[in-house]
Participant: 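Below you will find the structure I want to go over with you.
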Amino acid sequence: MISAWSISNTDPVDPHLLRTFVTVAEHASFSAAATHLGYTQSAVSQHIAALEADLGTQLLHRRPVTPTPAGRRLLEHAAPILLRISTARADLQRLAATLPTTLIVAITPLSDVAKALAVVRRLHPGTDVHLTVCPRDAVVAGVADGSFSLGLVDGVAAPSDPLNLAVPLRTTALTHQPLAVALPNNHPLASRTGLSLHDLADARWIDAPDVAAPLTTLRAATDSDAFRCAFTYTGTDLHTLLTLIAAGHGLAVLPASVTTRGVATIPVTTPRLVHRTELLHGALPDAAAAALTAALT
């Protein structure tokens, strides 16, 4: 007996209907979703009705437009499904492509790709190289759907673990660095030779998930609900974050190699974590992308 869902068949959900559903949920509007997708509002309504009929349950409340409990559960599945479909399509397009004239490389704020790009420009002077800096999720999604040729992402992991990515991209580990707690030079702990994160759970922290170790990661690593967020920084500029730390707005965990005036970096002794950088790519049929991969590894 199925109490909440009555599945009418076992065929796969139509990805076009699924994409329409996600767009309506994101915009909280049938008309806005229709404009975004280039459909008529009637077509969007028909897509949602067909999906609800297929799954045997209501997915959206109509006034206001919000997901039902079943719709919220479907949204959890929809994003990785649609991203995986985009990844497969982009990978096949790369294999079938001729040599591109543009190489688009995306990196997270703490990734360093300057030397490798210099190699590519020297070996392939006719290739137009574009470099963009964006948050990790944007890099992963862009490489997956083919918007970016290659991506460099960084994050915190156990020494032997890869980064936890949501899509099945090809990855190559590039660097491992020790981590450090970044704090003002005049902080009482600035003279220490090492710090345990367990001892700092009640400190004031800056949550800068696109630059420093996210507080959610620190809580998971220490099995603690602490790590109080005193200040949230949603940008991607490392200099700005370091300025906030130097001014006493809070602490952050960064690669030990990061240094600047006014900020002390004290090695993290426990738990055992590293700052890891990985190269992301799909199929690499073009010479410029292959050269960049070789230069990085």
Participant: Consider only side-chain heavy atoms of I, L, V, M, F, W and Y, link residues closer than 4.5 Å, and tell whether L183 and L218 are in one cluster.
Facilitator: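 Yes.
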Participant: Atom OG1 in T222, atom CG in D199: separation rounded to 0.5 Å?
Facilitator: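 Interatomic distance, T222 OG1 to D199 CG, rounded to 0.5 Å: 11.0 Å.
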Participant: Looking at residues at least two apart in the chain, or sitting in another chain, which of them share a side-chain hydrogen bond (donor to acceptor under 3.5 Å, both in side chains) with D237?
Facilitator: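 Partners of D237 by the side-chain hydrogen bond (donor to acceptor under 3.5 Å, both in side chains) criterion, ordered by chain and then number, come out as T240.
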Participant: Holding to salt bridge (charged side-chain N to carboxylate O under 4.0 Å, His left out), I want the full list of residues that pass it with R19, two or more places apart in sequence or in another chain.
Facilitator: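 Result, salt bridge (charged side-chain N to carboxylate O under 4.0 Å, His left out) vs R19: none returned.
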Participant: What's the spacing between S257 OG and Q177 CD if we round to 0.5 Å?
Facilitator: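 Separation between the atoms: 3.5 Å.
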Participant: If we count only N and O atoms by modelled type, under 3.5 Å, do the side chains of Q41 and S45 hold a donor and an acceptor together?
Facilitator: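 No donor-acceptor contact under 3.5 Å links the two side chains.
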Participant: Please list all pairs passing the ring pair (Phe, Tyr, Trp, His ring centres under 6.0 Å) test where one or both residues lie in residues 195-224, with sequence neighbours left out.
Facilitator: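 Counting only pairs at least two positions apart or across chains, the ring pair (Phe, Tyr, Trp, His ring centres under 6.0 Å) contacts touching residues 195-224 are W205-F227.
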Participant: Give the minimum heavy-atom separation between A221 and P271, together with the two atoms involved.
Facilitator: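 Looking at all heavy atoms of both residues, the closest pair is O-CG, 3.9 Å.
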Participant: Restricting to non-hydrogen atoms, name the atom on V139 and the atom on A106 that form the minimum distance, rounded to 0.1 Å.
Facilitator: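 What the structure gives for the nearest pair is CG1-O, 3.8 Å.
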Participant: Please enumerate all residues that pass side-chain hydrogen bond (donor to acceptor under 3.5 Å, both in side chains) together with T23, with sequence neighbours excluded.
Facilitator: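 Listed in chain order: nothing, the list is empty.
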Participant: With sequence neighbours excluded, what pairs up with H16 under the ring pair (Phe, Tyr, Trp, His ring centres under 6.0 Å) test?
Facilitator: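 So H16 forms no ring pair (Phe, Tyr, Trp, His ring centres under 6.0 Å) with any residue.
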Participant: Taking C-beta and beyond as the side chain, do L280 and L152 meet within less than 4.5 Å on heavy atoms?
Facilitator: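 With C-beta onward as the side chain, the pair stays apart.
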Participant: Begin from the C-alpha positions of V156 and V274 and carry the test side chain to side chain contact (heavy atoms under 4.5 Å, CB included) through to its verdict.
Facilitator: CA-CA 6 Å; V156 174; V274 296; over 6 Å; no
Participant: Please evaluate residues R62 and I48 with respect to the criterion side chain to side chain contact (heavy atoms under 4.5 Å, CB included), reporting the C-alpha separation (whole Å), side-chain torsions for both, the decisive distance (0.1 Å), and the verdict.
Facilitator: CA-CA 11 Å; R62 276 17 182 209; I48 298 302; 3.6 Å; yes
Participant: Enumerate the ring pair (Phe, Tyr, Trp, His ring centres under 6.0 Å) contacts for residues 237-276, please, sequence neighbours excluded, ordered by first and then second residue.
Facilitator: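 Counting only pairs at least two positions apart or across chains, the ring pair (Phe, Tyr, Trp, His ring centres under 6.0 Å) contacts touching residues 237-276 are F231-H249.
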Participant: Please list all pairs meeting salt bridge (charged side-chain N to carboxylate O under 4.0 Å, His left out) that have one or both residues in residues 31-42, counting only residues at least two apart or in different chains.
Facilitator: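 Listed by first then second residue: nothing to list.
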Participant: Which atom names give the shortest non-hydrogen contact between I245 and A182, and what distance separates them?
Facilitator: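 Heavy atoms only, the tightest pair is CG2-O, 3.6 Å.
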Participant: Sub-3.5 Å donor-acceptor pair from the side chain of S147 to the main-chain atoms of V143, do we have one?
Facilitator: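 Judged by distance alone, no pair lies under 3.5 Å.
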Participant: Sort out for me which residue in D154, D137, D210 forms a side chain to side chain donor-acceptor pair (under 3.5 Å) with T108.
Facilitator: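 Considering D154, D137, D210, a side chain to side chain donor-acceptor pair (under 3.5 Å) with T108 is found only for D154.
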Participant: Going hydrophobic residue to hydrophobic residue with side-chain gaps under 4.5 angstrom, can you get from L251 over to L238?
Facilitator: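 Shared cluster, no.
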Participant: Can S42 and T40 be counted as having a side-chain donor-acceptor contact under 3.5 angstrom?
Facilitator: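 No donor-acceptor contact under 3.5 Å links the two side chains.
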Participant: Hey, any chance L150 and V133 share a hydrophobic cluster, counting ILVMFWY side chains that come within less than 4.5 Å of each other, even indirectly?
Facilitator: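 Result: yes, single cluster for both.
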Participant: Please report the closest heavy-atom contact between A25 and P67, naming both atoms and the distance.
Facilitator: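 Smallest interatomic distance, heavy atoms only, reads CB-CG, 4.4 Å.
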Participant: Without swapping roles, check the side chain of R219 against the backbone of A226 for a donor-acceptor pair under 3.5 Å.
Facilitator: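 Yes, R219 side chain to A226 backbone: donor-acceptor pair under 3.5 Å.
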Participant: With sequence neighbours excluded, tell me which residues meet ring pair (Phe, Tyr, Trp, His ring centres under 6.0 Å) with H47.
Facilitator: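 H47 satisfies ring pair (Phe, Tyr, Trp, His ring centres under 6.0 Å) with Y39 only.
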Participant: Return a table of donor-acceptor pairs under 3.5 angstrom between the side chains of residues 259-268 and protein atoms on other chains or two or more places apart.
Facilitator:
none

Participant: Below 4.5 Å, heavy atoms only, C-beta onward: do L110 and P255 meet side chain to side chain?
Facilitator: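 With C-beta onward as the side chain, the pair touches.
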Participant: Mind checking the CZ-CG spacing from F21 to D14? Nearest 0.5 Å is all I need.
Facilitator: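 Result: 14.0 Å between the selected atoms.
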Participant: Quick check: do V24 and V65 have side-chain heavy atoms less than 4.5 Å from each other?
Facilitator: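 Heavy-atom side-chain distance check passes, below 4.5 Å.
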Participant: Assess the residue pair L74 and L59 against the criterion (side chain to side chain contact (heavy atoms under 4.5 Å, CB included)); give the C-alpha distance rounded to whole Å, side-chain angles, the decisive distance to 0.1 Å, and a yes or no.
Facilitator: CA-CA 8 Å; L74 182 59; L59 300 171; 3.8 Å; yes
Participant: Cut-off 3.5 Å, side chains only: do S196 and T270 have a donor facing an acceptor?
Facilitator: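 Note: S196 and T270 side chains meet the donor-acceptor criterion.
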Participant: Can you list everything that forms a ring pair (Phe, Tyr, Trp, His ring centres under 6.0 Å) with H176? Sequence neighbours excluded, please.
Facilitator: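 Partners of H176 by the ring pair (Phe, Tyr, Trp, His ring centres under 6.0 Å) criterion come out as none, since no residue qualifies.
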Participant: Is any side-chain heavy atom of V181 closer than 4.5 Å to a side-chain heavy atom of L200?
Facilitator: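 Touching, per the 4.5 Å side-chain cut-off.
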Participant: Going through the distances and angles, do T68 and Q58 end up as a side chain to side chain donor-acceptor pair (under 3.5 Å)?
Facilitator: CA-CA 7 Å; T68 64; Q58 184 179 1; over 6 Å; no
Participant: How far apart are the closest heavy atoms of P162 and R276, and which atoms are they?
Facilitator: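 In this case the closest contact between P162 and R276 is CA-NE, 3.4 Å.
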Participant: Would you sort out whether L51 and T20 count as a side chain to side chain contact (heavy atoms under 4.5 Å, CB included), showing the intermediate values?
Facilitator: CA-CA 9 Å; L51 184 60; T20 300; over 6 Å; no
Participant: Can you list everything that forms a side-chain hydrogen bond (donor to acceptor under 3.5 Å, both in side chains) with T175? Sequence neighbours excluded, please.
Facilitator: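 Here the qualifying residues are T277.
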Participant: Is there a path of hydrophobic side-chain contacts, each under 4.5 Å between heavy atoms of I, L, V, M, F, W or Y residues, that connects Y233 with V253?
Facilitator: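 Hydrophobic grouping puts Y233 apart from V253.
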Participant: Linking I/L/V/M/F/W/Y whenever their side-chain heavy atoms sit closer than 4.5 Å, directly or via other members, would F30 and L75 fall into one cluster?
Facilitator: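 In one cluster with F30: L75, yes.
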Participant: Can you find a heavy atom in the side chain of I107 that is under 4.5 Å from one in the side chain of L131?
Facilitator: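 Yes. Closest side-chain heavy atoms under 4.5 Å.
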Participant: For the CD1 atom of I206 and the CG atom of L215, what is their distance to the nearest 0.5 Å?
Facilitator: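 It comes to 10.0 Å.
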Participant: Testing the basics here: between G235 and V211, what is the closest heavy-atom pair and its distance to 0.1 Å?
Facilitator: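 Smallest interatomic distance, heavy atoms only, reads O-CG2, 3.5 Å.
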Participant: Do the side-chain N and O atoms of N185 and H187 include a donor-acceptor pair separated by under 3.5 angstrom?
Facilitator: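 Not at all, the side chains of N185 and H187 share no donor-acceptor pair under 3.5 Å.
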Participant: Output the distance between atom CG (L103) and atom CG (D128), rounded to the nearest 0.5 Å.
Facilitator: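 L103 atom CG to D128 atom CG measures 9.0 Å (nearest 0.5 Å).
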Participant: Contact between V153 and L163 at the side-chain level, heavy atoms closer than 4.5 Å - yes or no?
Facilitator: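 Yes, their side chains come closer than 4.5 Å.
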Participant: Look only at the side chain of S149 and the backbone of I104, and say whether a donor-acceptor pair between them is shorter than 3.5 Å.
Facilitator: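 Yes, the answer is positive, given that a donor and an acceptor are paired below the 3.5 Å cut-off.
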Participant: Roughly how far apart are D207 CG and T216 OG1, rounded to 0.5 Å?
Facilitator: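 So the CG of D207 and the OG1 of T216 are separated by 7.0 Å.
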Participant: R63: what forms a side-chain hydrogen bond (donor to acceptor under 3.5 Å, both in side chains) with it, not counting sequence neighbours?
Facilitator: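 If we apply the side-chain hydrogen bond (donor to acceptor under 3.5 Å, both in side chains) test to R63, skipping adjacent residues, there are no hits.
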